[in-house]
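Everything below concerns the one structure shown next.
All values below come from the heavy atoms of this structure, side chains included, with hydrogens, waters and symmetry mates left out.
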Amino acid sequence: MAELAVLLLIVDSEQPTAFPEGPFPVIAFDLDHDDSWSRIKEQIRLTSARKILLQFSNETIELPHHGWSSTIWQQRSYDRLWDASELIASASPLTNIPLIPTNRLPGLIIHTREIHQKETGWTSARLLYYLVSHRFELAQRLLEENDFGKNDGLVRSCFFARTNRYEEAYHTSLEALAQSQHSPSTQTTQPDINAPSFELARLWLAHGLHAGKCGYDDQAAAAFQKSYLAWRSMESLFFWADERLRSGYVEEEILLPLEEWLRTCPDKEERMIRLLHRIGLDHQVLNRLEQGQQLVQLEQADQANQANQANQANQANQTEQLAQGEPLVSLLPDIYFDCLIRVGRIPEAIQLFHKQGPAYWLLHRTESRLCQFLRIDDAEAGSTLTSSLPAYELIALQDRCVSLRLFEWAERLQSNITEPLSLGHRLFENGYVMRSATRYLIALQNNQLDRTGYRHLGEILYYRKAYEQATDMFEFLLKETPEDASLRTALALGCLQQSDKLLKESMQLFPSSVFLREEAEKTGDAIKQMEQSEALTSWRWRERMNFHE
């Protein structure tokens, strides 16, 4: 069984460049000239891969042995990485355009050659390439010149969203939904869970995200609910809950609607726990897991007492019932492990992990290393233990320590990691911006700050309202990569914030100036719209709670 397969999309007639190194199945597909997408999906299914890495034929990808089981897929979305089950359910790769900003996949390096633009054809593959590589001007040209059929509404709305035109994105997805009501496959309002509509669910999910960006909270909530009804994926409920928490809603206002939406699910409690864990409500997860465990233990004790008083036939029946009453703690040990670590109950977490057995330890290799690491009090001994690990395992272990707030152990690992700013990057990605800023500033003083560090430090300075210094960071980076659209947006934001500050100061001197007031309103609207783009890191609520720790 492969953890990963590579989907290679053809973008022109030139021979595809080298495939990525590693034992990954590679499936080549000409999206525009080969009409058998179902055949490709069957090949993907036969690989048994859980994740699909997207590559285009004008690229060479370097991907070292990464240790895919070490990555927390449920918590983050990564560049070029698709969920295999969703890809198999889709009518076209175009429907899998990323709807939210993604994280950099550790170890992934992409080298590209220019596409032969004079060659006709390959429009769909090129469109997808332009969208995922942020070449929006070329994507717009393709959208204006071509009709992409049933995917057109979703693709156009995603394009508008990626270029910060959220009102246009909202209206486009709304029109696409209205058109989908006339399709025979989407006329039912509550599809059978055994025959879900991935395409409709994806469109509702995009519409909910666009509506949220426009401030239409009620419409966004309704769209997320309809997305969940069309395809029982937790993504839509997660986005709804995360946006509500970021907007200041209290937990009770989040939990009650979620309980109602999941009411008819046979595995309601398990889904709720997984969802709360992903959102970041760890105390709620612990309460539910441990209360459920206590209830099951009471039920088992009562059943055992009844079995002792019954005949042998009834005893066998009761034994079967006991096996069915397994607590969710046993079904979700990975989530229970996380929560125990985060609340400081480390010995209990280690004991829980070792109860799972060798097969579980092999599957959760990073957690196995972590448990070994946590048992060592001496820093030198811990360094010796980890010194022989390959680079990707060290970085995965460090990232795991940061996500579990084990900062002392994450620091110990840094001495064995060749990337000097690895810990700074891991801290920033998990929302610990002030902790990462300290490391970046030291690296800047020592002339050791890399490009990623410059970008992260620029964003930190921006959020700290040091707009002039942030602008200097972005401008320095833009000189080296002038084609980076998101970096240009970040630079524009820094300049706009400086203009906004000057306008507000001028309004204090000339409070009756209509011109100054109108310019300040325009600048404020532009800042608000551009801050919703992918130019600046978009942390989830869980990560935002870490900002000042």
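Aromatic rings of Tyr462 and Tyr467 (six-membered ring for Trp) have centroids within the 6.0 Å cut-off, being under it. Aromatic ring centres of Tyr432 and Trp539 lie farther apart than the 6.0 Å criterion allows.
Residues that satisfy the side-chain hydrogen bond (donor to acceptor under 3.5 Å, both in side chains) test with Ser85, not counting sequence neighbours, are Asp83. Applying the side-chain hydrogen bond (donor to acceptor under 3.5 Å, both in side chains) criterion to Gln448, with sequence neighbours excluded, gives no partner residue. With sequence neighbours excluded, the residues satisfying side-chain hydrogen bond (donor to acceptor under 3.5 Å, both in side chains) with Lys504 are Asp500. The salt bridge (charged side-chain N to carboxylate O under 4.0 Å, His left out) test applied to Arg135 returns Glu114, not counting sequence neighbours. The salt bridge (charged side-chain N to carboxylate O under 4.0 Å, His left out) search around Glu168 returns Arg165, not counting sequence neighbours. With sequence neighbours excluded, no residue forms a side-chain contact (heavy atoms from CB on, under 4.5 Å) with Glu137. Scored by the side-chain hydrogen bond (donor to acceptor under 3.5 Å, both in side chains) test, Glu475 finds no partners at all (sequence neighbours excluded). For Lys522, the salt bridge (charged side-chain N to carboxylate O under 4.0 Å, His left out) test picks out Glu519, with sequence neighbours left out. With sequence neighbours excluded, the residues forming a side-chain contact (heavy atoms from CB on, under 4.5 Å) with Met545 are Trp541, listed by chain and number. Remark: Cys495 pairs with Thr471, Leu491 by the side-chain contact (heavy atoms from CB on, under 4.5 Å) rule, at least two apart or across chains.
Put simply, the side chain of Arg80 gets close to the backbone of Leu54: a donor and an acceptor are under 3.5 Å apart. Within the 3.5 Å criterion, the main-chain N or O of Ile442 finds a donor-acceptor partner in the side chain of Asn446. Judged by distance alone, the side chain of Arg288 and the main-chain N or O of Ile273 form no donor-acceptor pair under 3.5 Å. With hydrogens and angles disregarded, no donor-acceptor distance shorter than 3.5 Å links the side chain of Asp242 to the backbone of Phe238. Remark: side-chain polar atoms of Ser57 are paired, donor with acceptor, to backbone N or O of Val11 under 3.5 angstrom. A distance-only check finds a donor-acceptor pair linking the side chain of Trp361 to the backbone of Gly357 [under 3.5 Å]. Formation of a donor-acceptor pair under 3.5 Å by the Arg375 side chain with backbone atoms of Pro347 is not found in this model. The main-chain N or O of Asn430 is found under 3.5 Å from a side-chain atom of Asn546 such that the two form a donor-acceptor pair.
Counting heavy atoms from C-beta on, the side chains of Tyr360 and Asp334 come closer than 4.5 Å. Using a 4.5 Å heavy-atom threshold, the side chains of Arg126 and Asp12 count as touching. Using a 4.5 Å heavy-atom threshold, the side chains of Ser422 and Ile395 count as touching. Using a 4.5 Å heavy-atom cutoff, the side chains of Ile115 and Tyr129 are in contact. Residues Ile27 and Leu8 fail the side-chain proximity criterion, which asks for heavy atoms closer than 4.5 Å. Put simply, the side chain of Ile10 reaches to within 4.5 Å of the side chain of Trp122, judged on heavy atoms. Arg274 is not listed as a side-chain neighbour of His277, based on a closest heavy-atom distance of 4.5 Å or more.
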Yes or no on side-chain contact (heavy atoms from CB on, under 4.5 Å) for Thr481 and Arg451, after CA distance, side-chain angles and deciding distance?
CA-CA 10 Å; Thr481 54; Arg451 286 188 55 81; 3.1 Å; yes
side-chain contact (heavy atoms from CB on, under 4.5 Å) between Leu427 and Val433, intermediate numbers included
CA-CA 7 Å; Leu427 289 166; Val433 292; over 6 Å; no
Criterion side-chain contact (heavy atoms from CB on, under 4.5 Å) on Tyr336 and Val285, from CA distance to verdict
CA-CA 8 Å; Tyr336 194 32; Val285 174; over 6 Å; no
Test Lys51 against Glu86 for salt bridge (charged side-chain N to carboxylate O under 4.0 Å, His left out), laying out the working first.
CA-CA 10 Å; Lys51 293 291 175 179; Glu86 293 189 352; over 6 Å; no
Step by step, would you call Leu128 with Leu9 a side-chain contact (heavy atoms from CB on, under 4.5 Å)?
CA-CA 9 Å; Leu128 189 55; Leu9 293 184; 3.7 Å; yes
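Identified under the salt bridge (Lys or Arg N to Asp or Glu O under 4.0 Å) test for residues 457-471, with sequence neighbours left out: Arg455-Glu459. Residue pairs satisfying the ring pair (Phe, Tyr, Trp, His ring centres under 6.0 Å) criterion with at least one member in residues 469-491, sequence neighbours excluded, are listed as follows: Tyr454-Phe476.
Ile100 CD1 to Leu205 CG: the interatomic distance, rounded to the nearest 0.5 Å, is 8.5 Å. We find the OH-CG distance between Tyr170 and Leu209 to be 13.5 Å, quoted to the nearest 0.5 Å. Rounded to the nearest 0.5 Å, atoms NE2 (His207) and CG (Leu154) are 12.5 Å apart. Annotation: the span from Leu286 atom CG to Leu281 atom CG amounts to 11.5 Å, rounded to 0.5 Å. One finds the OG atom of Ser90 at 4.5 Å from the CG atom of Asn96 (value rounded to the nearest 0.5 Å). Of the inter-residue distances, the one linking Leu423 atom CG with Leu413 atom CG reads 9.0 Å to the nearest 0.5 angstrom.
Judged purely by distance below 3.5 Å, without hydrogens or angles, the side chains of His456 and Tyr440 pair a donor atom with an acceptor atom. Between the side chains of Thr386 and Asn416, at least one donor N or O sits under 3.5 Å from an acceptor N or O. For the residue pair Asp450 / His425, a side-chain donor-acceptor distance below 3.5 Å is found, with atom types taken as modelled. Using modelled atom types and a 3.5 Å distance limit, the side chains of Ser486 and Asp484 yield a donor-acceptor pair.
Under the 4.0 Å criterion applied to side-chain N and carboxylate O atoms, Glu235 and Arg278 are assigned as salt-bridge partners. The pair Glu59-Arg113 does not count as a salt bridge, with every side-chain nitrogen at least 4.0 angstrom from each carboxylate oxygen. Ion pairing between Arg542 and Asp282 holds under the 4.0 Å rule for side-chain N and carboxylate O. A salt bridge does not link Arg400 to Glu393: none of the charged nitrogens lies less than 4.0 Å from a carboxylate oxygen.
A cation-pi geometry, defined here as NZ or CZ lying under 6.0 Å from the six-membered ring centre and within 45° of its normal, holds between Arg435 and Phe407.
Each of Arg426, Gln414, Arg412 was scored for a side chain to side chain donor-acceptor pair (under 3.5 Å) with Gln398, with one residue passing: Gln414.
For CZ of Arg246, the number of neighbouring non-hydrogen atoms (other residues, nucleotides, ligands) closer than 6.0 Å is greater than 12.
Ring orientation note: the planes of Tyr463 and Phe547 are tilted relative to one another, at an angle of 30° to 60°.
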